[in-house]
Amino acid sequence: MGIVYDSNSQTFHLQGKSSSYIMQLINSKYIAHVHWGRRVRGSNPGGLLVRRRRCSFSPSTDPDDLTLSLDTLPQEFPGYGGSDFRVPAYQVQMEDGTTVSELIYESHRIYAGKARLEGLPSTYTEDESEAESIDIILADPIIGLKVILTYTVFRDVDAITRSVRFINESNQSIKLLRALSFGIDISHSDFDMLHLSGTWARERHIERRPLATGGSVIESRRGASSHSLNPFMALLSKQADEDHGEVYGFSLVYSGNFVAQAEVDPYGTTRVVMGINSFDFSWLLEPGEAFQTPEAVLVYSAEGLGEMSRTYHKLYRTRLCRGQFRDRHRPILINNWEATYFNFNANKIEELARVGKELGLELLVLDDGWFGKRDNDKSSLGDWFVDRNKLPQGMPELVSRVQQQGLEFGLWFEPEMVSPDSELYLAHPDWCLHVPGRRRTEARQQLILDFSRQDVRDYIVKVITDILASSPITYVKWDMNRNMTEIGSAQLQPERQRETAHRYMLGLYEVLERITSAFPSVLFESCSGGGGRFDPGMLYYMPQTWTSDNTDAVERLKIQYGTSIVYPISSMGAHVSAVPNHQVHRTTPLDMRGHVAMSGNFGYELDLTTFTEADKEAVKGQIELYKQLRPLIQFGEFYRLINPFEQASAAWMFVSEDKKEALVAFFQVLSEPNAPLRKMRLKGLAPENNYLLNEAGDPNESVEIFGGDELMHVGLNLPIWKGDYRSRLYRLKMEE
Ligand code: DGJ
């Protein structure tokens with residue numbers, strides 16, 4: 001790992017574990033992109049880039065060198081107005097209204113480690129030896145703009161991070177109209193594009209389509225990263241699949257409006273840009289002020305999507321997530337939402353805790369409905385005081401009753417929201433996002449608090465802090481149930497109104513930093529109507545996310561499989577819920593619901609107190625099993641085996657880092673008449689070792705021994721079952 005600058009060829013070589021990222025300074029002025037892909041030694045990095053004179057429609061910036069056109073030069077941070085007609089990574093507007101800018105290389109500095117980004121979530125190092133970084137300093141001297149491109153390459157993970165800082169060094173204001181986090185020009189376009197899309201209850205479904213000439217865009221204009229499109233895009237060589245072929249992944253550490261665009265030009269090169277969506281965005285930089293973009297994480301894999309995912313998993317689990325729970329096993333919980341919805345009282349919650357303890361659960365989470373007069377979702381958000389009708393003795397008393405039953409206590413909040421029917425709204429009608437004179441569009445009968453305002457943020461930090469300090473609460477579910485409309489802030493000047501959505505995100509990050517650092521031993525789980533804000537920005541503050549409000553075992557196969565493209569298993573909340581399922585009315589066996597939920601951070605979300613003795617025994621068995629498997633599932637390496645988007649079955653496996661243990665989960669969604677004999681090739685095992693294989697939870701414990709090579713190259717015989725919704729977990733232990 002390291003960054004090498006060769007002054008002869010004026011090339012920068014970022015060397016990852018097995019990848020190289022090479023840039024070149026052209027005519028001591030422009031930073032060109034040369035190579036990102038398999039690692040090369042760097043014998044002649046200066047000889048790799050070819051330039052060719054094109055027609056007058058791709059003009060040159062240098063009359064003496066007609067091969068030098070910004071329209072055809074592969075670039076690292078392209079602008080607009082000075083002869084590059086492709087999609088730009090940034091655009092500025094000066095006081096005179098002009099929008100032309102061109103960045104010229106000034107200097108660079110290489111340093112050990114990685115700097116944190118001011119006010120924004122980002123990956124980090126714990127020790128300087130884990131990474132090397134470079135700042136490339138560019139300037140547009142005509143308008144007094146300085147731009148710093150920052151790159152980091154990691155020692156243990158094949159990932160490169162990029163971000164940009166804009167500094168106004170002029171004596172007039174500069175308006176950023178577009179300020180993305182990176183640009184990269186790849187020399188060919190023979191790619192498919194893959195991204196994760198969906199909606200509420202159907203998050204992160206995988207879509208793959210060929211790139212074509214022109215732009216392919218994914219974006220959010222919802223004021224959140226959103227259920228619809230995740231801030232992630234991958235380009236795959238045509239032959240690439242789960243285990244083979246070149247894959248380029250792009251992931252943005254940001255939770256608000258984003259854009260990712262791949263543009264294929266007439267010469268068959270692909271420009272990728274990504275960052276804060278410039279739609280409805282601008283940012284005024286007064287003289288001396290700076291603007292920091294979010295960080296993008298770029299991952300190259302020569303071994304298909306699976307390897308790309310494992311790289312993201314490792315980086316995000318170990319160097320994006322923070323806090324005491326980063327490396328700690330996550331508690332198995334019972335959440336009362338689908339058990340009671342708003343209809344509960346202290347006795348009911350205590351009863352749930354009592355039965356939960358009997359069955360081996362560790363944490364009870366009290367969801368929505370404990371505050372104000374919230375008997376439904378029409379009121380009380382913002383009134384964060386206990387509803388004495390439901391909890392007559394208050395929160396500390398309930399927490400202590402649950403604790404006496406032997407469970408820890410967790411609590412739900414939706415801190416970013418206010419109900420028009422609330423005391424808070426009555427007192428502060430201007431505290432929500434709104435535009436004077438316009439309708440305040442409600443969604444779920446709620447409005448959004450204006451987190452761009454310091455007074456609003458201070459108020460929310462205080463009320464949440466007071467509740468968390470009042471009782472030994474060890475878990476918080478941080479929900480957010482709508483997207484932004486009428487985006488405007490009562491406190492911002494007219495020329496800054498388009499900053500509101502990003503200022504909101506900065507404000508949210510500030511609030512999360514203050515609250516999570518004040519309560520380091522509380523486990524925070526983020527949620528947004530399920531997975532509406534399942535993004536790397538949130539994971540920086542809260543190491544797990546409620547994956548989806550859809551708890552149906554069959555739907556969850558796709559949702560969890562799609563989520564695993566980028567996000568580690570330890571970040572996914574997954575619960576067993578009642579049947580018929582509340583979202584899709586499907587009835588699946590408890591076994592399958594258990595096996596699907598055990599493939600994440602395990603929990604239950606149903607009324608255990610109404611269970612039969614037989615079901616209680618089964619739940620007890622699931623919990624006992626998960627306790628044994630938890631380290632492997634939450635912190636093992638994850639391999640996808642059968643894709644539920646392609647077949648009526650699914651499978652995946654977890655392998656411990658030392659390869660001594662593994663767990664395979666196989667799900668048959670629909671049974672097939674007179675089905676063929678099928679084998680499933682396992683992955684990630686040690687081929688030279690033997691493994692003891694048995695069905696997890698099998699009371700007869702019948703064990704077979706197979707070679708790792710047999711399991712990987714011949715395959716595991718799959719059961720032939722009659723009946724839908726069947727599943728099995730296989731445990732593998734390396735023979736000593
Ligand atoms: C949406 C969440 O995703 C659910 O889990 C639940 O917490 C409800 N909100 C409560 O209103």
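The structure presented is a predicted model; accordingly, all values stated were derived computationally and were not measured. Residues: numbered from 1 along the sequence shown. Numbering of ligands and ligand atoms starts at 1, following listing order.
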For Phe342, which residues count as a ring pair (Phe, Tyr, Trp, His ring centres under 6.0 Å) partner, sequence neighbours excluded?
-> Trp337
Those residues at least two apart in sequence (or on a different chain) that pass ring pair (Phe, Tyr, Trp, His ring centres under 6.0 Å) with His595 are none
Could you tell me whether Arg322 sits above the aromatic face of Tyr540, with NZ or CZ closer than 6.0 angstrom to the six-membered ring centre and within 45 degrees of the axis?
-> yes
How far apart are the C-alpha atoms of Lys462 and Asp466, what are their side-chain angles, what is the distance that settles it, and do they pass the salt bridge (charged side-chain N to carboxylate O under 4.0 Å, His left out) test?
-> CA-CA 6 Å; Lys462 179 163 179 358; Asp466 285 351; 2.6 Å; yes
Is Asp607 paired with Lys348 through a side-chain N to carboxylate O contact shorter than 4.0 Å?
-> yes
What does the N/O contact table under 3.5 Å look like for ligand 1?
unit_1, atom_1, unit_2, atom_2, d
ligand 1, 3 (O), Gly530, N, 2.9
ligand 1, 3 (O), Asp549, OD1, 2.4
ligand 1, 3 (O), Asp549, OD2, 3.1
ligand 1, 5 (O), Lys477, NZ, 2.7
ligand 1, 5 (O), Trp546, NE1, 3.4
ligand 1, 5 (O), Asp549, OD1, 3.4
ligand 1, 7 (O), Asp367, OD1, 2.6
ligand 1, 7 (O), Asp367, OD2, 3.3
ligand 1, 7 (O), Trp412, NE1, 3.0
ligand 1, 7 (O), Lys477, NZ, 3.0
ligand 1, 7 (O), Asp479, OD2, 3.3
ligand 1, 9 (N), Asp479, OD2, 2.7
ligand 1, 9 (N), Asn481, ND2, 3.4
ligand 1, 11 (O), Asp368, OD2, 2.6
ligand 1, 11 (O), Arg444, NH1, 2.9
ligand 1, 11 (O), Arg444, NH2, 2.9

Name all residues meeting the ring pair (Phe, Tyr, Trp, His ring centres under 6.0 Å) criterion together with Phe451; count only those two or more places apart in sequence or in a different chain, and write none if there are none.
-> Tyr504
